[in-house]
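Single-structure report; data block below.
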Protein chains: 4
Amino acid sequence: MNKETHPSGRPRSEQARAAVLNAADDLLVEIGYAAMTMKGIAEKARVSRQTIYRWWSHKAEILFEASAADAEEELSIQLSGDPLADLTAYLEALIHFLANSPAGAAYRALLGEAQQDSAVAELLSAKDPIGDTAQVILKHLFEKNQVPIPLDQATALFIGPCFFWILSGRDPAGLVPQELAKNFLSYLQT
Amino acid sequence: MNKETHPSGRPRSEQARAAVLNAADDLLVEIGYAAMTMKGIAEKARVSRQTIYRWWSHKAEILFEASAADAEEELSIQLSGDPLADLTAYLEALIHFLANSPAGAAYRALLGEAQQDSAVAELLSAKDPIGDTAQVILKHLFEKNQVPIPLDQATALFIGPCFFWILSGRDPAGLVPQELAKNFLSYLQT
Amino acid sequence: MNKETHPSGRPRSEQARAAVLNAADDLLVEIGYAAMTMKGIAEKARVSRQTIYRWWSHKAEILFEASAADAEEELSIQLSGDPLADLTAYLEALIHFLANSPAGAAYRALLGEAQQDSAVAELLSAKDPIGDTAQVILKHLFEKNQVPIPLDQATALFIGPCFFWILSGRDPAGLVPQELAKNFLSYLQT
Amino acid sequence: MNKETHPSGRPRSEQARAAVLNAADDLLVEIGYAAMTMKGIAEKARVSRQTIYRWWSHKAEILFEASAADAEEELSIQLSGDPLADLTAYLEALIHFLANSPAGAAYRALLGEAQQDSAVAELLSAKDPIGDTAQVILKHLFEKNQVPIPLDQATALFIGPCFFWILSGRDPAGLVPQELAKNFLSYLQT
DNA sequence: GTGTAATCGAGACGGTACGTCCTGTCTTCGG
DNA sequence: CCGAAGACAGGACGTACCGTCTCGATTACAC
C-alpha cells in the first residue's frame, strides 16, 4: 500500500488548494498584504469561503504556504567555494528578495504580522526562509575554518545590516554586498 | 509675541488630545496593536470618533505620536566617553526597547505596518527613533577618529544584528551586547 | 411542483424576517416613525444590520411590509348590501384607522415620506391600502346603478374629506361618518 | 414709542435672517426637504450654525417661515362674486399649489412631518395656509345663503378630494376643478 | 470715550446613525 | 465527506449631521 489510506468521503480538491494559493500570490502583488482579505482570496480563487477556513486559519498561513517555495528558491545560490564570492552572492540574492521580490514582500508582511500575532511568529520561526538559507551558506563556510561563535549569531551579524537597512525603509541601492561580505569575513578572522 | 495667534473658532482641546494618546498607549499594552481599533481608542478616551479622525488619519499615526517621546527617552543614554562602554550601553538599551518596552512594541508594530503602508513608512523614516538615536552615539564616536564609511551604513552594521535577532523572533537572552559592541569597534579599526 | 426550488446556498431565515417586521411594528408604537432607525430595528430584532439591508432598502419599506396586512384587514368591512350602512361603516373604519390605529400611524408616516421620496411614493401607489379598499366598496355599490364618474374620482370624493380632516390635524371627533356617507350618496344621485 | 425698545447688545442681523430663509427655500427646490440639513442651510446661507439654532429650533420652522408668505399669496384669489367661478378658481390655485409650487412642496413636507412631530403639527394648525384661505372663500360664499354645516366641515368637503388626490400621488391632470366646484355647490343646496 | 451685552463667524466637541465591508459560522444542495 | 453558494450575527470602518461649546470680532446702547 503506497497511498495514504483515504479515510472516507470526498477527498480534498487539489485544484481548490492550488487556486487559493495562486489567488493569494496574485492578490499580494495586485493590492498588497494589508488589503488582502479571506473573502477576496475566496472570490479570486472561485472557491467557497468555507473551503478556505477548513484548511487554513489565517491569511498569513495561506501566504506563507504560497510563498515559502519561492522564497527558498530565490535565496538558494550556487556555491562556488570562494567564500567572498559566495557571501556576496547570497547578500545580493537577499537584497533582491527583500526589496524587489513578491516572495520577499510576503516575507516582510508576515514578519510584520509576527510582531503582533504569536501564531504567525511560530509559523516563521518553524521555517524561516532567511535564517535557514543563510545558515546553509555559513555552515558550508565554517566547515573549513574553526569558528568562535555560534551559527545563529554569525547569521545575525552577516545579514542583520541588510535586514535592518531594507526593513527600515532605506534605499537598497545604498548597500554594497561585497563590502558587507568582506567586512563579515574580516570579522571571522579576528 | 511668540505665541501663535489663534486663527478662528474653538481651539483644539488639549485634554482630548492627551486622552487619545493615553488610550492608545494603554490599549497597546492591554490588547496589542492588531486588536486596537479607532473605535476602541475613541471609547477608551471618552472622545468622539470624529475628533480622532480630525487630527489623525491612522491608528499608526496615533501610536507614533503616543510612543515617540518614550522611544526617544528609552534610547537616549548617558555618554561616558568610553567607546566600548557607550556602544554597549546603547545596545543594552536597544535590546530592552525592542524586546520588553511598550514603546518598543509600538515601534515593532509600526515597522510591520510600514512594510505594507507607505504612509506609515514615511512616518517612520521622517523620525526613526532607532536610526536617529544610534546616529547620535556614532556621530559622537566618529568625531575623534576618521571613519571610512558613511554614518548610516555604520548604523546598519552596528544595530542590524540586534534588530534582526529580535524581529525574527529569537530570544533576546542570546545576545551579548558587549561582544557586539567589541566586534563593531574592531571593524571600525580595520 | 408548485414549490419554488431552492436556488443555492443557505435559505432566507423566516425567523429573521418576522423578527424585523415585529420590531418595526413595536418601535413605531413605542418611539414613533421619526425616531425609528435601521440600527434600532436591527438591535430590537436581534438581527444583523446587514441582514436588514439585504432584504429592505428603507425603513419605509420595512414598515410598509409590516403594516400592509393590518391595514388591509382594518379597512375591510362586512358588506351588508345597504349602501348607506356600508359607506358609513367604511368611513368609521377609515377614521379609526387614520386616527387611532398603529397601522394607520404607519400609513400616515409613509404618506408623509412619500411626499419627499419617490421610492416611497411608488411603494404606496403600487398598493395603496386606502384607495384599494375604498374602491372595493364603491365598485360593489356601482354594480347596481349606472354611475357617471370614474371610480377613482368617486373614491376621492368619498374619502377625501376624512382624509384631509385627519391629516391636517383636526379632531376626528368632529367627523360624522353617516352625514358624509349620506352626502356622498346624494351626490351620486344627481 | 413705536419701536420695540432694544434691550441691549448687538441687534439681530436682518441680513442673516433673510439669508437663512432664502437658503432654505433654494435648498428645498434643489435637493428636497428630506436631504435638507441645518448644516447645509447654514453653509448655503454663509451663516454660523449657532445663529440658526438661536432663532429657529427645527428645519421645519425655518421652512414654515420661509414659505408661509408665498403659500398665502398663491392661494389668495380675486373674488368675482360668482360662486362657481370663485370656487373653481380657488381649486385651480390649490391644485397648482399642491402639485407644482415650491411653497406647496414645503407645505406637503411640513404636513408629512406633522404626522410624526407634534411641534410641527402645532405650527401648521396655528396657521394653516390651506384651511385659512379656503375658509375665506367659503365664508364669503356663506354670507348670502344660510348654510346648514359648520365652516370647517364645509372646508373639508370642498378641498378634501383634491387634497387626497394629490397627496396620494395621483396625477393632478385627472382633476377637473369646475366639476368639483359644481358638485360642492349642489351639495350646499341640498 | 468706555464699558456692557448680545450678536456674529468659525470651528472643535461628544454623540449617534448611516450604509458598507469583512469576519467566522451556519445551512442548504449537489457531487 | 467535500465543495459552492449564500444567509447569518457581529462589529469596525470612515462619513455626516446633530446640538452644544468656546473662541475672537463686531455692533449696538448706556453711562
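Chain naming here is simple, since letters A, B, ... match the order of the sequence lines and numbering starts at 1 in each.
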Query raised in the report: When the distance from CD of B/Glu43 to P of E/dG14 is rounded to whole Å, what number comes out?
Result: 13 Å

Query raised in the report: Can you name the residues that form a side-chain hydrogen bond (donor to acceptor under 3.5 Å, both in side chains) with A/Lys127, not counting sequence neighbours?
Result: A/Glu72

Query raised in the report: When you match A/Glu14 and C/Ala16 each to their closest nucleotide on DNA chain F, which lands nearer the 5' end?
Result: A/Glu14

Donor-acceptor list for residues 49-58 of chain D side chains, cut-off 3.5 Å, not counting sequence neighbours:
from, atom 1, to, atom 2, distance (Å)
D/Trp56, NE1, D/Glu65, OE1, 2.8
D/Ser57, OG, D/Glu61, OE1, 2.7

**Report entry** DNA chain E contacts made by residues 44-59 of chain D, counting heavy atoms under 4.0 Å
**Finding:** D/Arg46, D/Val47, D/Ser48, D/Arg49, D/Thr51, D/Arg54, D/Trp55

Requested in this report: With the side chain counted from C-beta on, respond yes when C/Gln115 and D/Leu167 share a heavy-atom pair under 4.5 Å apart, and no when they do not.
Outcome: yes

Query raised in the report: For DNA chain E, what residues of residues 27-41 of chain D have any heavy atom nearer than 4.0 Å?
Result: none

Query - Contact check, side chains of C/Leu63 and C/Lys59, non-hydrogen atoms, under 4.5 Å - result: no

What nitrogen or oxygen pairs link the protein and nucleotides 29-31 of chain E at under 3.5 Å?
from, atom 1, to, atom 2, distance (Å)
E/dG30, N2, A/Arg10, NH1, 2.9

**Report entry** Under the side-chain contact (heavy atoms from CB on, under 4.5 Å) test, residues paired with B/Ser13 that sit two or more places apart
**Finding:** B/Gln15, B/Ala16

Requested in this report: Mind checking side-chain hydrogen bond (donor to acceptor under 3.5 Å, both in side chains) for B/Ser101 and listing every partner two or more places apart, or none if nothing turns up?
Outcome: B/Glu74

Report summary line: The side-chain contact (heavy atoms from CB on, under 4.5 Å) partners of D/Ala114 (sequence neighbours excluded) come to D/Val120, D/Ala121, D/Leu124

Query raised in the report: Is there side-chain contact between A/Ile62 and A/Met36, with heavy atoms separated by less than 4.5 Å?
Result: no

Report task. To the nearest 0.5 Å, tell me how far D/Leu110 CG sits from D/Phe64 CZ. Result -> 7.5 Å

Distance-only donor-acceptor hits, side chain of residues 18-35 of chain D, under 3.5 Å, sequence neighbours excluded:
from, atom 1, to, atom 2, distance (Å)
D/Asn22, ND2, D/Ala18, O, 3.4
D/Glu30, OE1, D/Lys44, NZ, 2.8
D/Glu30, OE2, D/Lys44, NZ, 2.9
D/Tyr33, OH, D/Glu113, OE2, 2.9

